[in-house]
Peer 1: 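Have a look at the structure that comes next, please.
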Amino acid sequence: MAESSFCYEASSELTLFDIVWEDVLFAKLLPLLSLKDLFNLRCCSRLSKHLVNNYLRRIKEVNLSGNNSHNIDKAFAVLARKCRNVRVVNLAKCSWLRDKALCKFLKSNARISRINLSECTGITAASLQPIIIECKELVVLKLARCSWLTIGAMEALTLHQSNIRELDISHCLALSERSITVFLLNCRRLRTLSLAYIPAVSDTVLLMVAKYSKEIRHLNIVGCQMASDRGVGALSLYCSVLESLMVRDCPFITERSLALLREKVFIDRPRQFQQHLNLAPNVAGGAGFPRLFLQV
């Protein structure tokens, strides 16, 4: 009886920190906690702070999308100091984010493969330098509504990154047609591309997509006023694995070219039968619609 009582007293002294950190806490328990929970745990004691700091060196994903709560910038500063193995970063709509903090975080995590900085209005093109120069495993880059994305930054991205599979530069109004076409010429492994509401996107850009982006599966050109049937016709001829095409608010893209893609590609605009009937005659003088797109 005395022996069992001793065993009970000894076991009652065990704490969370007596559990094996590497094989149990880091592998099974802490991944179940949110970043907020981790920082709450970090504040409990010196030992808990040490535990969480060691775990932060192992995390592979940081998602603070839309999180603009009080003192979140201080929490991110801790992540910038402690994280060393992050692969996926989502900081979209983080209005508190600044160049200094982001650059420090990026330099400490050079193996990032996916990053989302969409609608981050507090940073500049200088923040892209660590991404462009050091993140050699980058395959997904999202910069939608980033007005600070300049032609120079796009050219630097073109020079150093050629393995990007997914790019979102929607609403980046400062970009030129040439900066986009040169990027397409250099980066030929794109599978998802979003160019929505970029004034510079024209048929020339779509022709470059058709010619060089043979792996393209998803293309968004919503609101591109310069695009027309000629560019979409080229896509229908050369993009054999295309799965979806977004063309809303493109007044010069009609059912005449979209009909060529309807059977195999999802299109966000419903079929317009009357428009299709009105445009059935060939503007090329009866020479055959596809003939317009053969010179790519």
Side-chain angles (χ1 to χ4, degrees), residues 16-118 120 122-143 146 153 156-157 159-168:
L16 171 69
F17 307 106
D18 294 316
I19 302 175
V20 179
W21 287 18
E22 293 284 347
D23 297 332
V24 180
L25 294 184
F26 292 167
K28 303 294 183 181
L29 179 60
L30 295 187
L32 301 177
L33 304 182
S34 65
L35 279 175
K36 181 179 179 180
D37 294 333
L38 289 172
F39 275 92
N40 287 335
L41 175 61
R42 189 174 179 271
C43 296
C44 292
S45 66
R46 291 183 178 180
L47 190 55
S48 62
K49 180 179 179 180
H50 182 62
L51 171 71
V52 173
N53 285 347
N54 276 272
Y55 175 68
L56 290 178
R57 294 179 180 273
R58 293 161 173 78
I59 63 173
K60 294 185 177 181
E61 182 174 352
V62 172
N63 186 356
L64 296 176
S65 177
N67 191 334
N68 293 289
S69 57
H70 184 60
N71 287 334
I72 188 66
D73 55 329
K74 296 180 180 178
F76 186 72
V78 173
L79 295 177
R81 294 197 306 269
K82 303 302 180 181
C83 294
R84 293 292 183 273
N85 201 36
V86 176
R87 303 291 200 278
V88 180
V89 183
N90 189 348
L91 299 173
K93 301 181 181 180
C94 291
S95 58
W96 49 267
L97 190 62
R98 297 295 181 267
D99 289 343
K100 183 177 180 180
L102 179 58
C103 287
K104 184 175 181 180
F105 178 84
L106 294 172
K107 289 178 180 178
S108 299
N109 297 273
R111 299 185 66 185
I112 289 174
S113 61
R114 306 167 64 92
I115 185 165
N116 188 347
L117 298 176
S118 298
C120 289
I123 59 178
T124 69
S127 297
L128 290 181
Q129 183 176 357
I131 299 176
I132 294 171
I133 303 299
E134 300 182 26
C135 298
K136 299 302 182 182
E137 299 180 21
L138 187 68
V139 293
V140 176
L141 179 60
K142 297 184 179 183
L143 301 173
C146 292
L157 181 67
L159 184 62
H160 294 278
Q161 296 286 349
S162 60
N163 294 319
I164 293 179
R165 305 291 184 89
E166 180 177 347
L167 178 69
D168 186 353

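Model, not experiment: these values are computed from the prediction.
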Peer 1: Are any side-chain N or O atoms of Ser69 and backbone N or O atoms of Ile72, one a donor and one an acceptor, separated by less than 3.5 Å?
Peer 2: no

Peer 1: Taking only residues two or more places apart in sequence, or in another chain, which ones meet Ala101 in a side-chain contact (heavy atoms from CB on, under 4.5 Å)?
Peer 2: Phe76

Peer 1: Is it true that a side-chain atom of Trp96 and a backbone atom of Asn67 form a donor plus acceptor pair closer than 3.5 Å?
Peer 2: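 It does hold such a pair.
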
Peer 1: Would you give the length of the straight line joining atom SG of Cys83 to atom CG of Leu56, rounded to the nearest 0.5 angstrom?
Peer 2: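 With rounding to 0.5 Å, SG (Cys83) is 5.0 Å from CG (Leu56).
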
Peer 1: Between Arg57 and Lys82, which heavy-atom pair has the shortest distance, and what is it?
Peer 2: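 Closest approach of Arg57 to Lys82: CG-O, 3.2 Å.
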
Peer 1: Atom CG in Leu64, atom CG in Asn90: separation rounded to 0.5 Å?
Peer 2: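 The CG atom of Asn90 is 8.5 Å from CG of Leu64, to the nearest 0.5 Å.
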
Peer 1: Counting C-beta onward and ignoring hydrogens, is there a side-chain heavy-atom pair between Leu106 and Ile112 closer than 4.5 Å?
Peer 2: yes

Peer 1: Any side-chain heavy-atom pair from Leu29 and Ile19 closer than 4.5 angstrom?
Peer 2: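 No, every pair of side-chain atoms sits at 4.5 Å or beyond.
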
Peer 1: Could you measure the distance from the SG atom of Cys135 to the NE2 atom of His160? Nearest 0.5 Å is fine.
Peer 2: 12.5 Å

Peer 1: Carefully, step by step, assess Arg42 and Val78 under the rule side chain to side chain contact (heavy atoms under 4.5 Å, CB included).
Peer 2: CA-CA 11 Å; Arg42 189 174 179 271; Val78 173; 3.7 Å; yes

Peer 1: Roughly how far apart are Ser95 OG and Ile123 CD1, rounded to 0.5 Å?
Peer 2: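 So the OG of Ser95 and the CD1 of Ile123 are separated by 11.5 Å.
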
Peer 1: Could you tell me whether the side chain of Leu91 reaches within less than 4.5 Å of the side chain of Leu102, counting heavy atoms only?
Peer 2: yes

Peer 1: Is Arg114 paired with Glu61 through a side-chain N to carboxylate O contact shorter than 4.0 Å?
Peer 2: no

Peer 1: Rounded to the nearest 0.5 Å, what's the gap from NZ on Lys142 to CD1 on Ile115? Could you check?
Peer 2: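 Spacing of NZ (Lys142) from CD1 (Ile115) equals 12.0 Å.
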
Peer 1: For the pair Asn116 (side chain) and Ala92 (backbone), establish whether a donor and an acceptor sit closer than 3.5 Å, ignoring hydrogens and angles.
Peer 2: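 A pair under 3.5 Å: no.
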
Peer 1: Compare all side-chain heavy atoms of Arg58 with those of Asn85 and state whether any distance is below 4.5 angstrom.
Peer 2: no

Peer 1: Evaluate the side-chain proximity of Asn163 to Leu138: yes if any heavy-atom separation is below 4.5 Å, no if none is.
Peer 2: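 Sidechains of Asn163 and Leu138: no contact.
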
Peer 1: For Asn63 and Ser65, which I'm curious about, is there any donor-acceptor pair between the side chains at under 3.5 Å?
Peer 2: no

Peer 1: Would you please test Phe39 and Leu79 for side chain to side chain contact (heavy atoms under 4.5 Å, CB included) and show each step?
Peer 2: CA-CA 10 Å; Phe39 275 92; Leu79 295 177; 4.1 Å; yes

Peer 1: Could you pull out the closest heavy-atom pair between Ala126 and Cys103, with the gap in Å?
Peer 2: O-SG, 4.0 Å

Peer 1: Given side chains that start at C-beta, do those of Leu25 and Leu16 come closer than 4.5 Å, heavy atoms only?
Peer 2: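 The answer is yes, as the side chains (C-beta and beyond) meet within the 4.5 Å cut-off.
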
Peer 1: Looking at side-chain heavy atoms only, is the closest gap between Arg111 and Arg87 below 4.5 Å?
Peer 2: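 Arg111 vs Arg87: side chains touch.
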
Peer 1: Ignoring hydrogens, what is the shortest heavy-atom contact between Pro130 and Ser127? Give both atom names and the distance.
Peer 2: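 That would be CD-O, 3.2 Å.
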
Peer 1: Closer than 3.5 angstrom, by distance alone: can the side chain of Lys136 be matched with the main-chain N or O of Ile133 as a donor-acceptor pair?
Peer 2: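 Side chain of Lys136 to backbone of Ile133, a donor-acceptor pair under 3.5 Å: yes, one is there.
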
Peer 1: Answer yes or no: is there a donor N or O on one side and an acceptor on the other, between the side chain of Ser48 and the main chain of Leu41, under 3.5 Å?
Peer 2: yes

Peer 1: Quick one: CG on Leu159 to CD1 on Ile132, what's the gap to the nearest 0.5 Å?
Peer 2: 9.0 Å

Peer 1: Kindly determine whether Phe26 and Leu51 satisfy side chain to side chain contact (heavy atoms under 4.5 Å, CB included), including the steps that lead there.
Peer 2: CA-CA 9 Å; Phe26 292 167; Leu51 171 71; 3.6 Å; yes

Peer 1: Is there a side-chain contact between Leu97 and Leu117 (heavy atoms, below 4.5 Å)?
Peer 2: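 The answer is yes, as the side chains (C-beta and beyond) meet within the 4.5 Å cut-off.
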
Peer 1: Would you find a donor on one side and an acceptor on the other, under 3.5 Å apart, between the side chain of Asn109 and the backbone of Arg84?
Peer 2: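 Yes; judged by distance alone, with no hydrogens or angles, the pair exists.
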
Peer 1: Please say whether more than 12 non-hydrogen atoms of neighbouring residues, nucleotides or ligands are located less than 6.0 Å from CD in Gln129.
Peer 2: no

Peer 1: Can you name the nearest heavy-atom pair linking Gly66 to Cys94, along with the distance?
Peer 2: N-SG, 4.2 Å

Peer 1: Which heavy atom of Ala153 sits nearest a heavy atom of Ala125, and at what distance?
Peer 2: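 Heavy atoms only, the tightest pair is CB-CB, 4.0 Å.
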
